[in-house]
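The sequence lines fix the lettering, A, B, ..., with proteins before strands; numbering per chain opens at 1. In what follows, every heavy atom counts, from backbone to side chain, and hydrogens, waters and symmetry copies are set aside. Computed from a prediction, not measured in an experiment: that's the story for all the values here.
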Number of protein chains: 4
Amino acid sequence: MNKVILVGRLAQDPEVRYTQSGKAVASFNLAVNRFGGQNNADFIPIVAWEKLAESAGNNIGKGSKVLVDGRLQIRSYEANDGSKRRVAEVVAQSIEYLDRKQQASENGGDLTVDSFGKDVFPDEEIPF
Amino acid sequence: MNKVILVGRLAQDPEVRYTQSGKAVASFNLAVNRFGGQNNADFIPIVAWEKLAESAGNNIGKGSKVLVDGRLQIRSYEANDGSKRRVAEVVAQSIEYLDRKQQASENGGDLTVDSFGKDVFPDEEIPF
Amino acid sequence: MNKVILVGRLAQDPEVRYTQSGKAVASFNLAVNRFGGQNNADFIPIVAWEKLAESAGNNIGKGSKVLVDGRLQIRSYEANDGSKRRVAEVVAQSIEYLDRKQQASENGGDLTVDSFGKDVFPDEEIPF
Amino acid sequence: MNKVILVGRLAQDPEVRYTQSGKAVASFNLAVNRFGGQNNADFIPIVAWEKLAESAGNNIGKGSKVLVDGRLQIRSYEANDGSKRRVAEVVAQSIEYLDRKQQASENGGDLTVDSFGKDVFPDEEIPF
DNA sequence: TTTT
DNA sequence: TTTT
């Protein structure tokens, strides 16, 4: 069990890059207000992959309010001076767009993007 | 966003049934202790599907301690007297077995069963 | 561990009542969309107590979008015909108001109401 | 909304320190297995305060299995070379002890420690 | 109806 | 470094 749920606003536009194998990766910091908190936020690094990444790149930007559901991961990397560093980041499993800043979409509904197939089974099928 | 996370013990062995289309469905009540609570628990109906259901049928029983991650669903059904009833239940998305009652498995590790494919990406692939 | 996190819209205005000991209790159904889901929602009963209840009564109504953080509880009661019934409901521990329908509040920020005292400790105090 | 839920084992005994104002603070790394993961874990820094800290110091140690419920915080500090660094850590709001390594406690039940007062209301009080 |  |  490794679950993180955050509501906040993007501190900057998502940066979308591509791995050597061609997978899209988006990253941005999420400003999550602390309780009591006008000018008191945690800026939490978020990473999203593939269609989640592409959707973020196309649909949200600096200031957008989102709900991120994901897992907390510690990633190792080599710093410029050759030293080994560790950074914590949240790998998004789904992102729910809580407002629609720019394009006031005519259908109104909220958009949720998810990194896996769905497991929704109709009520009627249950054999009891 | 519809997320439920529970830790508790099975109040009875899982019942495994099959839909007309052949899908396995397991159901059981989970005793979740309230704070302060020896003899003070909520008995929460859990439903699991397909491989989650089969694994539950094979690996856990009355008294097993588990962590259930799922969503809360309201299901409508027709009662015996023809009246329409609604029941709330948690549809499991993953079940983590926190103890191994019967078979003291030699490898020691915990078992997690999950209803969808995994989205684990290796650290090294990240292009930054 | 008994945790529920829901995002949805109130299906009706909160009903605020008072216990014999004078505690406020608010109740309403929350429409939580399923994935894929325009016309496909679970209507989940929510209960809030004391200042959470009063705030809900004053600040949100039918159609308001909220994030509810709480626990899932099974409550027993006696039906009109004398039979014993059980109902599941979510007891809210905090409610975050994700939009402000009517009154475009002048202070701008989002409003979160919480049922317990806060445990926020300043960063500087940590002795390492 | 800033919520983190983790299940893992302590990578070392908790270190308990005291702030200048006398508050207890415990810190340790939690090894949280990734899916698929025997030798594949994230080591996540956990911080607990006051009675949570004292209980951790007294009741759990390296290898203990726990469920941590908390929030993700970014803390700034000054490194030895005077540069400003940021570190992410989980501030525990409750810790559930999922096993009892050393002392096979005679009372059986699980121990949950929580950082705030409880909001449990009896079922009977609800006026409907 | 029920778990430890 | 940063959001409203």
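Side-chain proximity of Ala31(A) to the nucleotides dT2(E), dT3(F), dT1(F) is greatest for dT3(F). Picking from dT3(E), dT1(E), dT4(F) the nucleotide with the shortest atom distance to the side chain of Asn33(A) gives dT4(F). You'll find that the side chain of Ala41(A) is closest to dT3(F), out of dT3(F), dT2(F), dT3(E). Closest contact between the side chain of Arg9(A) and the listed nucleotides dT3(F), dT1(F), dT1(E) involves dT3(F).
Judged as a side-chain hydrogen bond (donor to acceptor under 3.5 Å, both in side chains), and not counting sequence neighbours, the contacts of Asp81(A) are Ser83(A). Applying the side-chain hydrogen bond (donor to acceptor under 3.5 Å, both in side chains) test to Asp69(A) and every residue at least two apart in sequence or in another chain returns Lys3(A).
Using a 4.0 Å cut-off between charged side-chain N and carboxylate O, Asp42(B) and Arg86(C) make no salt bridge.
Atom CZ of Arg34(B) and atom P of dT4(E) are 19 Å apart (whole Å). In this entry the distance linking CG of Leu98(A) with P of dT4(F) reads 15 Å, nearest Å. As a whole-Å value, the separation of Leu30(B) CG from dT1(E) C1' is 15 Å. Nucleotide dT1(F) holds its P atom 13 Å from the CZ atom of Arg85(D), rounded to whole Å. Look at CG on Leu10(B): it is 10 Å from P on dT4(E), rounded to the nearest Å. Asn29(B) has its CG atom 11 Å from the P atom of dT2(E), to the nearest Å. Note: CD1 (Ile44(B)) to P (dT2(E)) measures 16 Å, nearest angstrom. Lys65(A) has its NZ atom 8 Å from the C1' atom of dT4(F), to the nearest Å.
Of the possible donor and acceptor atoms, none in the side chain of Ser55(C) sits under 3.5 Å from a partner among the backbone N and O of Leu52(C). Remark: the backbone N or O of Ile74(A) is not paired with any side-chain donor or acceptor of Glu89(A) at under 3.5 angstrom.
Ring stacking holds between Phe43(A) and dT2(F), with the centres under 5.5 Å apart and the planes within 30 degrees of each other.
For Lys62(B), no side-chain nitrogen or oxygen approaches OP1 or OP2 of dT4(E) to under 4.0 Å.
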